[in-house]
Chemist: 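This is the structure I want to talk about, given as structure tokens.
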Amino acid sequence: MDEFDAYDRLMQTCREAHRYPHHATLLKRNYPRTVLDDYVYRLEKDGQQIFSIDDSKARVKCWDILPGDKAFTSTTLRSSSGLRSYLIRGQKDPWFRLVFVESDHSRASLNCTKHMFLFFLTYEQADPAILDNIFAFGESEIAVDACLSQYRYDDTLSLSARQPAIIALGRSGLQIRETMLLRGVERNPSNKKWFIRQMALYFSFDVVTGKTFFITVKGNDFMQHRIAEDSADILAAKASHEGDDVVGLFEMALVILLSSVRWCEEGWRWYIRDVDKDIRPTLVKARTAPIHNPGWVSTPNFVPGSRLRIPTPPPDPFLTPAATGVFKAKPDPIRNGSLAQIWHRCKDYFATDSSHGRTNVRKAEEMTHRVSPLSGMFDYKDLQKLHVSGQEIEEAILTIGLLVGALRALAERHQDLVDYGWDNMDLTGSTGLGENRIRGFKTAARPFLTKLKTSIKSLEAKGDQLVSLQKMLQEGKTLSDRLMRVEDLKANRMHAEHGRESALTMQDIAHRTEQETSSMRVLTVVALAFLPATFVASFFQSGILEWRETPDITSPWNFRLDAFKLYVSICVPMTVVTFALWFLASVRNPRLRQNASRPEVSSDEPRKGAWMSTVHRNPSFSLPT
């Protein structure tokens with residue numbers, strides 16, 4: 001294919017740029033059709049998430065250096081038509097072209113339409129492998145590709161892989177083509193948090209004409225500002241080779257590659273320092289937490305893992321302990337008619353010592369105020385922070401590992417070119433590439449390789465730091481998790497003791513209630529025995545029945561109806577008033593009103609333990625935190 005046919009074919013492929021990387025859009029196909037068809041399928045499937053669908057929002061910036069220029073010329077492209085007229089202008093390509101594709105943020109679609117991006121790649125006949133890196137971008141709620149970093153090259157320096165020459169555009173078809181996906185850490189200026197960012201980079205260099213093409217894809221304009229700051233060094237690299245502009249352009253390309261590598265490296269030191277500063281206090285607290293027995297649980301006979309046994313109270317002559325812990329009443333001595341037993345029972349009741357019950361209540365109240373020494377010093381938020389930090393460190397270790405692998409592959413490729421790659425390539429003769437230029441390429445590549453290997457070693461050192469920090473974090477997580485378990489065990493033990501004391505108190509209350517019930521039965525029997533006689537005596541003393549001094553044949557007493565009416569008119573209202581006052585007093589009693597307003601618990605709901613009821617009744621009770 002001669003140069004005119006190649007140019008016409010290129011223009012034809014540009015008219016079908018929307019089909020890139022279909023085999024019809026490539027002047028020379030170096031990939032199987034199945035691979036290219038898979039790229040086309042992925043672009044059709046994910047294109048709307050990766051690229052902007054609104055042509056008016058497109059903002060693609062291009063920096064060019066033409067022969068004789070001493071600075072970059074910047075152009076902003078906002079439409080597909082503007083891009084076509086910008087690229088196809090009937091003249092040779094610029095010496096150096098930088099294309100910046102950005103997005104509003106790291107999870108947003110690119111500020112470039114799909115057609116514009118594919119038109120760039122078709123016009124430059126870029127390696128389709130760049131699409132593997134572009135698929136990592138686009139609108140997404142979560143990060144994709146799991147910290148992936150990769151490097152691939154597809155040189156066309158051999159005769160079999162050489163692209164068709166297009167002299168009208170200044171292309172010889174002999175190119176170094178590299179594509180890579182790199183990652184680094186950046187601090188968000190708004191919330192000062194660190195995030196792992198990604199950057200896709202494509203680089204092609206014509207070894208004969210020096211035509212250089214860069215395209216960077218990133219979620220912000222950081223690299224644009226970085227290259228602008230390094231533009232003086234970039235242009236100085238070209239000026240140092242005035243005898244051969246091609247070698248100078250090659251060194252300019254290597255300076256930009258180093259700028260990208262420095263971006264990958266420079267933020268990790270401060271990221272590691274901030275992570276260490278964030279987790280160090282929690283690890284120190286876990287390491288210095290009091291793990292000895294502080295004596296705040298006072299049950300010397302309690303053995304962890306054993307069943308808690310409630311001791312049986314002293315035997316009561318009226319109560320018999322059952323095996324289930326429920327006390328059943330013995331036959332009431334009153335029913336047996338033993339007055340001696342009744343007398344002794346009443347005497348025992350009034351002489352009962354309640355100090356044991358008061359002691360249990362006092363112990364239960366003291367238990368509610370006991371607090372674990374770890375409370376307020378170490379909590380579950382610290383444990384959660386350690387877990388989150390552990391995930392972030394694991395992600396950072398994976399990122400650095402993959403990044404080092406990609407940069408090492410880049411260094412190996414350029415080292416291969418320096419060692420024997422250039423010498424084994426038949427680039428002399430018609431191409432115009434001689435030994436001086438090859439020597440210039442090697443000279444320019446050596447400092448690049450030195451700095452690149454230094455960056456790789458620095459990243460490896462950062463990876464070692466993260467691995468050490470991860471081990472320390474893992475030990476801290478294990479220790480803190482055990483401390484929290486110990487605290488939970490102590491809290492459970494305290495609750496068990498509290499429940500034991502509450503059970504003893506409730507047992508005493510039940511015991512005394514049974515005593516009071518028995519005594520009340522005694523008093524009730526005595527009252528019932530004297531109640532009829534009392535009523536009869538009161539009735540005869542009321543004056544309703546008047547005994548006659550002289551016996552009467554018909555009746556010995558005289559019934560006074562007026563006195564009976566007066567008696568009834570006074571006693572009945574007083575009785576009604578008495579019951580009414582009792583009823584009002586019962587309703588207005590706070591405790592009774594609280595019991596009346598308390599919601600009923602259905603029978604199928606689980607009953608709470610004694611210590612839980614104590615928590616609800618005692619506002620001062622608080623669980624250890």
Side-chain angles (χ1 to χ4, degrees), residues 105-108 136-149 181-199 218-220 222 263-291 372-405 459-491 623-625:
H105 53 84
S106 59
R107 301 287 174 82
F137 292 85
E139 186 175 358
S140 175
E141 295 182 358
I142 59 176
V144 296
D145 285 341
C147 310
L148 177 64
S149 293
L181 179 64
L182 305 177
R183 294 183 186 265
V185 286
E186 294 180 358
R187 188 195 299 270
N188 192 321
S190 59
N191 54 19
K192 304 301 180 181
K193 292 184 178 180
W194 289 97
F195 295 94
I196 297 177
R197 304 298 189 190
Q198 60 191 8
M199 177 180 64
K218 200 176 183 303
N220 53 29
F222 182 86
W263 168 79
C264 298
E265 173 198 358
E266 60 192 8
W268 286 108
R269 176 186 177 183
W270 312 113
Y271 169 81
I272 296 173
R273 174 178 291 187
D274 288 349
V275 171
D276 189 12
K277 186 186 301 183
D278 187 40
I279 67 175
R280 182 73 64 173
T282 305
L283 297 178
V284 171
K285 286 195 297 183
R287 193 166 56 247
T288 59
I291 59 176
S372 169
L374 298 178
S375 300
M377 176 181 179
F378 196 83
D379 54 19
Y380 289 101
K381 289 184 179 179
D382 296 326
L383 189 61
Q384 183 183 28
K385 180 190 293 185
L386 293 181
H387 280 282
V388 173
S389 299
Q391 293 177 354
E392 293 176 352
I393 293 175
E394 181 67 27
E395 183 180 9
I397 292 174
L398 177 60
T399 301
I400 289 182
L402 296 176
L403 179 61
V404 167
L459 285 171
E460 290 176 343
K462 303 301 188 300
D464 293 339
Q465 281 185 284
L466 287 172
V467 171
S468 176
L469 191 62
Q470 183 188 38
K471 292 180 179 179
M472 183 173 61
L473 178 66
Q474 186 62 38
E475 293 176 358
K477 286 169 57 178
T478 303
L479 179 59
S480 60
D481 184 64
R482 292 180 179 178
L483 287 175
M484 297 303 295
R485 290 183 182 181
V486 169
E487 184 179 7
D488 291 339
L489 290 175
K490 290 182 178 181
L623 295 176
T625 57

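One-based numbering along the sequence shown.
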Chemist: Please name the pair of heavy atoms, one in Y271 and one in I393, separated by the smallest distance, quoted to 0.1 Å.
Modeler: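 Smallest interatomic distance, heavy atoms only, reads OH-N, 4.5 Å.
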
Chemist: Verify side chain to side chain contact (heavy atoms under 4.5 Å, CB included) between E394 and L466, making sure each step is shown before the conclusion.
Modeler: CA-CA 8 Å; E394 181 67 27; L466 287 172; over 6 Å; no

Chemist: May I ask you to say whether K477 pairs ionically with D481, meaning some side-chain N is under 4.0 Å from a carboxylate O?
Modeler: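 No, no charged N to carboxylate O under 4.0 Å.
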
Chemist: Working to the nearest 0.5 Å, report the span between CZ of R269 and CD of Q465.
Modeler: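 It is 8.5 Å, given to the nearest 0.5 Å.
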
Chemist: For the atom pair OG (S389) and CG (L473), what is the distance rounded to the nearest 0.5 Å?
Modeler: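 If I round to the nearest 0.5 Å, the distance is 6.5 Å.
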
Chemist: Minimum heavy-atom separation for A136 and Q198, please, with both atom names.
Modeler: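 Scanning both residues, the minimum pair turns out to be O-NE2, 2.7 Å.
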
Chemist: To the nearest 0.5 Å, how far apart are CZ in R183 and CH2 in W263?
Modeler: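 Answer for the CZ-CH2 pair, R183 versus W263, is 8.5 Å.
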
Chemist: Closest approach of C264 and L459, non-hydrogen atoms and distance?
Modeler: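 Looks like O-CD2, 4.0 Å.
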
Chemist: For the atom pair NZ (K385) and OG1 (T282), what is the distance rounded to the nearest 0.5 Å?
Modeler: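 Output value for this atom pair is 4.0 Å.
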
Chemist: Measure the spacing between CG of D145 and CZ of F137 and express it to the nearest 0.5 Å.
Modeler: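 The CZ atom of F137 is 10.0 Å from CG of D145, to the nearest 0.5 Å.
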
Chemist: Would you check if the side chain of S468 reaches a backbone N or O of D464 as a donor-acceptor pair within less than 3.5 Å?
Modeler: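 Checked: no pair found.
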
Chemist: Hey, could you give me the OG1/CG distance between T399 and L182, rounded to the nearest 0.5 Å?
Modeler: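 So the gap between those two atoms works out to 12.0 Å.
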
Chemist: Answer yes when K218 and E186 have at least one side-chain N-carboxylate O distance shorter than 4.0 Å, and no when they do not.
Modeler: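 Salt bridge flag = yes for E186 with K218.
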
Chemist: For L283 and L386, run side chain to side chain contact (heavy atoms under 4.5 Å, CB included): C-alpha distance rounded to whole Å, both residues' side-chain angles, the deciding distance at 0.1 Å, then the answer.
Modeler: CA-CA 9 Å; L283 297 178; L386 293 181; 4.0 Å; yes

Chemist: Only pairs under 3.5 Å count here: list side-chain donor-acceptor contacts from residues 272-280, not counting sequence neighbours, and write none if there are none.
Modeler:
from	atom 1	to	atom 2	distance (Å)
D274	OD2	R187	NH1	3.3
D274	OD2	R187	NH2	3.0
D274	OD2	W194	NE1	2.6
D276	OD1	R280	NE	3.1
D276	OD1	R280	NH2	2.9
D276	OD2	R280	NH2	2.9

